[in-house]
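Structure record follows, encoded as structure tokens.
These numbers come from the heavy atoms of this one structure, side chains and all, not from hydrogens, waters or symmetry mates. Just so you know, ligand 1 is whichever comes first in the structure, and atom 1 is the first atom listed for that ligand. Quick caveat: nothing in here was measured; it's all calculated off a predicted structure.
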Amino acid sequence: MRSAILEVLKHNSGQYVSGEDISHTLKVSRTAVWKHIRGLKEDGYDIEAHPRLGYALRHNTDRLLPAEIKAQLTSRILGREIHYFSETDSTNNEAKKLAADGCPEGTVVVAEAQVSGRGRLARGWFSPYGKGIWLSVVLRPPFSPMEAAKCTLMAAVAVNRAINAVTGAGCGIKWPNDILCNGRKVVGILTEMSAEMDAINHIIIGMGINVNIEPFDFPAELAATATSLAIASGHQVSRLKLLTTILAELENVYIPVKTSGFGSVLEDWKSQSITLGQLVDVRGFDRSFTGVAINIDVDGALLIETAQGLERVLAGDVSIRPAAPN
Ligand code: BT5
């Protein structure tokens, strides 16, 4: 009933509709209409109530409300349950709680703002209100915990595809968890896992996508390294369209992975990579070195040719050296 009332309000595009008309059209009592309107307001819809004229839906500025996402969603597993927060500490934290409580695979958490958005190794993630997609997806894959690191590569492939389809901004994947546009970071991915020795309980894939952030929005420490899709493409991007495309692309890559493994993801990753073929500086947990990134292996590890021989990096930070001037 709530969505039927929402449809009536949308249909009247910002004009008032009386409670009586709604109750007559949908054959419910006026008290029920009033209760559902209150529920819609709690869901985040901007509805004006006038004692004589009735209710009017004010323009919704591309907010990531569950009913709006569902209306555009083409994925079947991802997004079947959506938890929305106007503000939260971290969508990965919310997803972790839901996963521990047994939420179904494909549960999605999305927030307009995060106050303690997280990167890897307790780094922060800048997540301003309404200008990005701060998103976590809960997966319950049947494969071994050893395979989990490749979920980051899988998410990067899906997000990069969605970005290029929706915005046309030419982005590429930087190993292991970034998407870059014009050499600047536009997406970061944080994969977290709960597992036993030989089985995964759940994986949370957290994705932070800078969508409509303006240059002056970024804090000073990110001004030289970060960008947004609006900056890179020169126009505002619909967060709803991008979010639903990301979920569809992620499902498209995840379902075959479940049955046939990561082979095709790794091939797609290679073709979208901006790391391969580049001179890179690697900062691992216990060592640092420089070399040319030549490939990834079946585990998703980066293979680097150095003066001392071939190095294999499964986790760490990689920065690409700018090309030397001719
Ligand atoms: C990441 O870590 O890139 C993973 C970021 C994942 C964020 C998402 S948002 C939804 C979900 N909920 C969470 O709490 N997290 C996930 P890392 O590779 O460690 O990079 C972190 C570094 O990126 C920081 O130290 C900053 O230098 C930089 N950074 C922070 N915010 C940024 C932003 N909005 N855009 C670009 N760079 C940023």
Side-chain angles (χ1 to χ4, degrees), residues 64 78 82-99 107-139 149 151-153 155-156 158-160 163 169 171 173-193 202-232 237 239 242-243 246-247 250 275 280-285 302 313-320:
L64 301 176
L78 304 194
I82 300 171
H83 296 258
Y84 170 83
F85 295 87
S86 180
E87 181 181 287
T88 182
D89 57 347
S90 150
T91 55
N92 265 34
N93 292 353
E94 297 291 352
K96 238 185 239 180
K97 282 183 238 159
L98 290 161
T107 294
V108 161
V109 179
V110 64
E112 300 290 351
Q114 297 183 117
V115 288
S116 313
R118 294 190 284 112
R120 294 173 300 156
L121 306 170
R123 295 170 187 148
W125 184 257
F126 173 62
S127 322
Y129 185 91
K131 299 203 167 184
I133 296 175
W134 325 124
L135 165 74
S136 300
V137 176
V138 178
L139 300 182
C151 284
T152 300
L153 307 188
V159 175
N160 194 45
I163 286 176
C171 299
I173 306 172
K174 178 170 149 293
W175 190 91
N177 68 324
D178 295 346
I179 293 178
L180 265 51
C181 260
N182 305 321
R184 288 165 176 246
K185 183 157 168 169
V186 75
V187 173
I189 298 168
L190 175 67
T191 302
E192 297 182 295
M193 169 171 69
H202 60 254
I203 283 181
I204 313 281
I205 302 184
M207 291 159 270
I209 300 126
N210 299 336
V211 185
N212 292 322
I213 301 180
E214 303 292 341
F216 50 80
D217 291 326
F218 284 111
E221 66 272 21
L222 296 179
T225 56
T227 190
S228 74
L229 296 171
I231 297 169
V237 173
R239 292 185 306 146
L242 183 58
L243 170 55
I246 288 170
L247 294 177
L250 189 55
T275 305
V280 295
D281 294 312
V282 178
R283 259 185 302 122
F285 296 121
L302 191 63
V313 188
L314 202 47
D317 282 315
V318 166
S319 47
I320 299 172

*Given Glu221, Glu192, Arg118, Lys131, which one has a non-hydrogen atom that is nearest to atom 7 (C) of ligand 1?*
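That would be Arg118.
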
*Is Ser127 in contact with ligand 1, taking contact as a heavy-atom separation below 4.0 Å?*
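Flag not set, Ser127 not near ligand 1.
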
*Determine, using heavy atoms of Leu121 and all atoms of ligand 1, whether some pair is separated by less than 4.0 Å.*
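Leu121: no contact with ligand 1 (<4.0 Å).
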
Heavy-atom distance under 4.5 Å between the side chains of [X] and [Y], does that happen here?
X: Asn177; Y: Leu190; value: no
X: Phe218; Y: Ile213; value: yes
X: Asn93; Y: Val109; value: no
X: Lys185; Y: Leu222; value: no
X: Ile133; Y: Leu242; value: yes
X: Leu135; Y: Val108; value: yes
X: Val237; Y: Ser228; value: no
X: Val313; Y: Trp175; value: yes

Is there at least one pair of N or O atoms, one from [X] and one from ligand 1, spaced under 3.5 Å apart?
X: Asn177; answer: yes
X: Lys185; answer: yes
X: Arg123; answer: yes

For ligand 1, which atoms sit closer than 4.0 Å to a heavy atom of [X]?
X: Gly117; value: 14 (O)
X: Ala226; value: 35 (N), 36 (C)
X: Leu135; value: 10 (C)

Could you find the nearest protein heavy atom to [atom] and give me its residue, atom name and distance?
atom: atom 31 (N) of ligand 1; answer: Phe126 N, 2.9 Å
atom: atom 8 (C) of ligand 1; answer: Gly208 N, 3.6 Å
atom: atom 24 (C) of ligand 1; answer: Gly124 O, 3.5 Å
atom: atom 38 (C) of ligand 1; answer: Trp125 CZ3, 3.3 Å
atom: atom 12 (N) of ligand 1; answer: Gln114 OE1, 2.9 Å
atom: atom 26 (C) of ligand 1; answer: Leu222 CD2, 3.7 Å
atom: atom 10 (C) of ligand 1; answer: Thr91 OG1, 3.2 Å
atom: atom 35 (N) of ligand 1; answer: Asn210 ND2, 2.8 Å

*Are Ser136 and Glu94 linked by a side-chain donor-acceptor pair shorter than 3.5 Å?*
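On atom types as modelled, these side chains do not qualify, holding no pair under 3.5 Å.
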
*Please say which of His202, Arg118, Arg120 ends up in a side-chain hydrogen bond (donor to acceptor under 3.5 Å, both in side chains) with Glu192.*
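Running side-chain hydrogen bond (donor to acceptor under 3.5 Å, both in side chains) over His202, Arg118, Arg120 with Glu192 returns exactly one hit, Arg118.
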
*Side-chain donor/acceptor of Thr88 to backbone N/O of Thr91, under 3.5 Å*: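 Side chain of Thr88 to backbone of Thr91, a donor-acceptor pair under 3.5 Å: no, none is there.
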
